[in-house]
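Every chain is numbered from 1 and lettered A, B, ... according to where its sequence line falls, protein lines coming before strand lines. No hydrogens, no waters, no symmetry mates; every other heavy atom, side chains included, goes into these values.
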Amino acid sequence: MAENAKVITADKLTKRFGAFTAVDAISFEVGAGEIFGFLGANGAGKTTAMRMLTGLLKPTSGRAGVAGYDVFTQSENIKRRIGYMSQRFSLYEDLTVYENVRFYGAVYGLRSETLRAKIKAVLEELDLTHARNTLLAELPLGWKQRLAFSTALIHDPAIVFLDEPTGGVDPITRRQFWEMIYEQAERGTTIFVTTHYMDEAEYCDRVSIMVDGRIAALDTPRGLKQTFQAETMDDVFVRLVRGPKSSVEAGG
Amino acid sequence: MRTILFIIQKEFLQIFRNKQMLPIIFVMPIIQLFVLVHAANFEIRSIRLDVNDMDRSQASQLLQQKLVAGDLFRIVNTSATAMEGRRSLAEAHADVALVIPHNFERELREGKNPVVQVSVDALNGFAAGVSQSYIAALVQEFNAEYLAAIAAAPRGGGQAAAIDLSSSFWYNRTMEYDIFMAPGILVVLITMIGLFLAGMNIVKEKESGTIEQLNVTPINRVQFIAGKLLPFWLLALGELSFGMVFVKLVFDVPFLGSIALVFAAAAIYLVVILSLGLLISTVTETQQQAMFIAWFIMVIFILMSGMFTPIESMPDWAQSISRGNPVAYLIEIIRRVLLKGAAAGDIAQQLWVLSGMAGGVLLLAGLRQRKSTA
């Protein structure tokens with residue numbers, strides 16, 4: 001939980017695209033094994049912040065560390081220790097289940113023995129052994145998402161970044177997905193997840209809510225509800241996003 | 001190294017699983033070779049002749065017979081006036097108008113070099129050049145034969161007019177154009193594989209979003225580039241082998257030089273083309289954009305490659321551009337090695353230039369290829 005060693009630290013992390021400041025000096029810390037919810041309206045800067053932490057995007061200023069490495073100078077070291085599941089579906093539709101898992105396992109440097117065992121474990125865990133030679137395009141979306149999650153974890157990363165992992169899937173699959181997230185967190189993996197679903201926010205250990213590139217609130221779901229005297233996370237979110245100053249800027 | 005092999009494996013799985021792509025890769029070359037080699041052809045099969053014979057002598061008749069003796073020339077009209085001949089040309093009823101002057105036979109006998117007027121429809125400059133040189137050759141041939149026939153030529157004056165003609169036949173009497181065109185088509189073929197498929201492949205990963213996933217893995221730049229380009233390098237070389245067998249069997253193109261040398265040159269050339277494809281993929285976001293740029297480059301490369309029109313006859317500025325055209329170098333290499341039996345030493349300069357380009361473009365593309373964006 002939060003009192004453990006910090007695996008993600010951001011200090012005034014900023015990203016500007018020309019005159020537009022997408023992420024405006026955000027500071028936060030995430031502890032090992034924590035499920036950290038990263039919330040915000042569309043265009044609030046969530047994905048931009050996540051892309052900086054995963055080394056996909058160069059920050060403009062500030063400091064950030066992931067798994068003990070510096071985001072500015074050691075992004076390649078970071079990449080070996082993190083898993084990432086992007087908003088856009090990230091496995092190959094024209095490869096089979098087995099080929100996808102094998103490819104990513106190999107890319108992360110798993111050797112033949114380990115790789116074989118890993119593939120077997122992943123397929124069994126997802127109950128996909130019978131579908132190992134099925135093309136990914138033919139799988140239902142929910143299964144694809146769960147496979148993408150397991151694939152992102154194939155190299156046992158310390159931290160996994162999930163960018164809206166449950167977008168577009170049905171409530172039952174979402175629940176299954178969160179069960180997987182919990183299991184993984186219990187094994188000690190830190191989960192950094194962005195989401196639009198406020199019920200999912202309730203599942204997180206701590207939640208940060210971004211508004212216009214800044215972190216407007218950061219606490220446990222219970223703490224947030226107390227602070228904003230709200231019944232649900234939904235209310236907390238609406239109150240923050242429709243806050244006094246930010247009129248309609250959230251789009252984009 | 002292991003990572004590269006796994007990327008290559010993945011690419012091949014995807015290429016061979018793509019049901020739309022497979023026929024394009026394997027049927028396209030056959031059609032291109034068959035159709036293009038025959039269609040992209042400047043062979044002059046028939047030249048229509050308008051003759052205005054003002055002399056009506058034995059010699060003028062002999063000259064006409066000489067011209068139509070081969071299958072090339074066909075007299076389609078006999079004009080009474082020069083005007084009529086010109087109209088024939090203007091209305092495109094004839095390709096060449098010939099005027100044999102009065103006193104043609106007499107002047108010939110007297111060694112006075114009578115002037116035969118040849119007007120050629122030069123709308124198609126290439127065909128006009130060929131027609132003109134054929135006629136010149138045939139007229140000179142006639143000249144020599146005629147003078148020899150009338151052994152009683154007065155005092156050698158006529159002999160002076162008999163110019164040696166054999167050198168005029170550099171236009172290749174039999175005009176086997178397919179043999180000349182086939183190497184060019186082979187180059188076009190492997191260029192398309194390299195420029196289109198490789199570039200498109202990477203942009204496709206951008207479009208589908210899978211490139212993001214690759215970018216958060218520890219795959220480094222060298223592994224990515226090698227893994228992405230090697231499959232298409234192999235594919236294009238495979239296609240070249242296929243094409244070589246094809247042109248040998250179907251067109252009986254002579255293989256005078258070393259086949260290994262052809263492949264070595266193609267291997268270097270493909271690095272240039274594949275790197276160019278990679279470079280295009282780094283500056284584009286969609287397959288459509290990549291396609292347009294690749295197409296633009298392709299057209300310029302091919303039109304300025306010397307495949308259709310000789311580079312030597314281009315204006316100076318165009319010739320300078322051609323010096324930066326890898327297609328021109330490979331076509332020249334393959335033609336010289338296959339048709340003339342050139343050895344490595346003979347084409348060393350072209351090989352060096354291609355190698356230089358390969359290194360340069362690969363470096364440029366490599367530098368532009370980034371896992372993260374600024």
Side-chain angles (χ1 to χ4, degrees), chain A residues 15-18 47-48 50-60 66 71-72 75-96 98-100 102-112 115 135-137 148 151-152 154-155 157 159-161 163, chain B residues 1-25 197 200-228 230-231 282 285-287 366-374:
Chain A
K15 181 67 193 179
R16 270 188 290 273
F17 298 105
T47 301
T48 305
M50 187 179 263
R51 287 168 58 85
M52 284 193 281
L53 294 175
T54 53
L56 286 172
L57 194 65
K58 290 245 183 305
T60 309
V66 173
V71 165
F72 283 86
S75 63
E76 289 309 304
N77 298 49
I78 292 175
K79 281 170 184 170
R80 295 185 178 279
R81 281 160 189 81
I82 61 167
Y84 173 66
M85 184 179 160
S86 78
Q87 198 172 0
R88 294 163 77 191
F89 186 65
S90 53
L91 299 179
Y92 294 96
E93 298 266 340
D94 51 353
L95 293 183
T96 65
Y98 169 75
E99 287 161 356
N100 265 296
R102 179 184 58 186
F103 174 67
Y104 281 108
V107 159
Y108 279 106
L110 299 187
R111 294 278 144 189
S112 20
L115 183 58
L135 285 186
L136 217 73
T151 307
I154 193 143
H155 54 300
I159 307 157
V160 60
F161 290 85
D163 196 1
Chain B
M1 192 58 212
R2 201 164 155 277
T3 305
I4 298 178
L5 288 178
F6 272 98
I7 302 177
I8 294 174
Q9 180 194 39
K10 163 192 158 285
E11 296 302 332
F12 271 123
L13 278 171
Q14 291 181 303
I15 294 168
F16 287 108
R17 198 162 279 159
N18 190 333
K19 296 285 178 292
Q20 285 94 47
M21 215 59 202
L22 270 188
I24 295 179
I25 296 173
L197 291 190
M200 226 60 79
N201 172 284
I202 298 169
V203 181
K204 191 177 160 207
E205 291 223 25
K206 276 191 185 178
E207 279 185 348
S208 69
T210 46
I211 195 100
E212 286 261 283
Q213 200 64 42
L214 290 183
N215 286 344
V216 290
T217 67
I219 292 179
N220 64 37
R221 200 184 295 189
V222 173
Q223 290 167 337
F224 179 83
I225 294 175
K228 278 292 185 189
L230 273 173
T282 62
E285 292 301 323
T286 66
Q287 294 190 66
L367 288 177
R368 275 210 61 99
Q369 172 61 40
R370 289 263 160 74
K371 284 174 79 181
S372 62
T373 44

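Judged purely by atom type and a 3.5 angstrom limit, A:R102 has no side-chain atom pairing as donor or acceptor with the backbone of B:F6. Without hydrogens or angle criteria, B:R221 side chain to B:G366 main chain gives a donor-acceptor distance under 3.5 Å.
For the set A:E93, A:E76, A:H155, A:M85, the entry with the most heavy-atom pairs within less than 4.5 Å of chain B is A:E76. Interface summary for chain A: among B:I219, B:N18, B:L5, the most heavy-atom pairs under 4.5 angstrom belong to B:I219.
With a threshold of 4.5 angstrom between heavy atoms, B:Q9 approaches chain A through side-chain atoms but not through N, CA, C or O. Using a 4.5 Å cut-off between heavy atoms, A:T60 does not touch chain B at all. Using a 4.5 Å cut-off between heavy atoms, B:I4 does not touch chain A at all. The part of B:K204 that comes within reach of chain A is its side chain, from C-beta onward, which places non-hydrogen atoms under 4.5 angstrom from that chain. If you measure heavy-atom distances from A:R111 to chain B, the contacts under 4.5 Å come from both the backbone and the side chain. Residue A:Y104 touches chain B through its side chain alone, counting heavy-atom pairs closer than 4.5 Å.
Taking CG of A:L115 as the reference point, atom CZ of B:R2 lies at 6.5 Å (rounded to 0.5 Å). One finds the CZ atom of A:F103 at 10.0 Å from the OH atom of A:Y108 (value rounded to the nearest 0.5 Å). If you take CG on B:L230 and NZ on B:K228, they are separated by 12.5 Å, rounding to the nearest 0.5 Å. Expressed to the nearest 0.5 Å, how far OG1 of A:T54 lies from CD1 of A:I78 amounts to 9.0 Å.
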| Step by step, would you call A:F161 with B:V216 a side chain to side chain contact (heavy atoms under 4.5 Å, CB included)? | CA-CA 10 Å; A:F161 290 85; B:V216 290; over 6 Å; no
| Could you go step by step and tell me if A:E99 and B:K10 meet the salt bridge (charged side-chain N to carboxylate O under 4.0 Å, His left out) rule? | CA-CA 8 Å; A:E99 287 161 356; B:K10 163 192 158 285; over 6 Å; no
| task | Let me see the working for B:N220 and A:K79 under side chain to side chain contact (heavy atoms under 4.5 Å, CB included), right down to the final yes or no. | result | CA-CA 11 Å; B:N220 64 37; A:K79 281 170 184 170; over 6 Å; no
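At a heavy-atom cut-off of under 4.5 Å, chain A is reached by B:E205, B:K206, B:E207, B:S208, B:G209, B:T210, B:E212, B:Q213, B:L214, B:N215 from residues 205-215 of chain B, listed in order of number.
The only member of A:I159, A:V160, A:L53, A:N77 that meets side-chain contact (heavy atoms from CB on, under 4.5 Å) when paired with A:I82 is A:I159.
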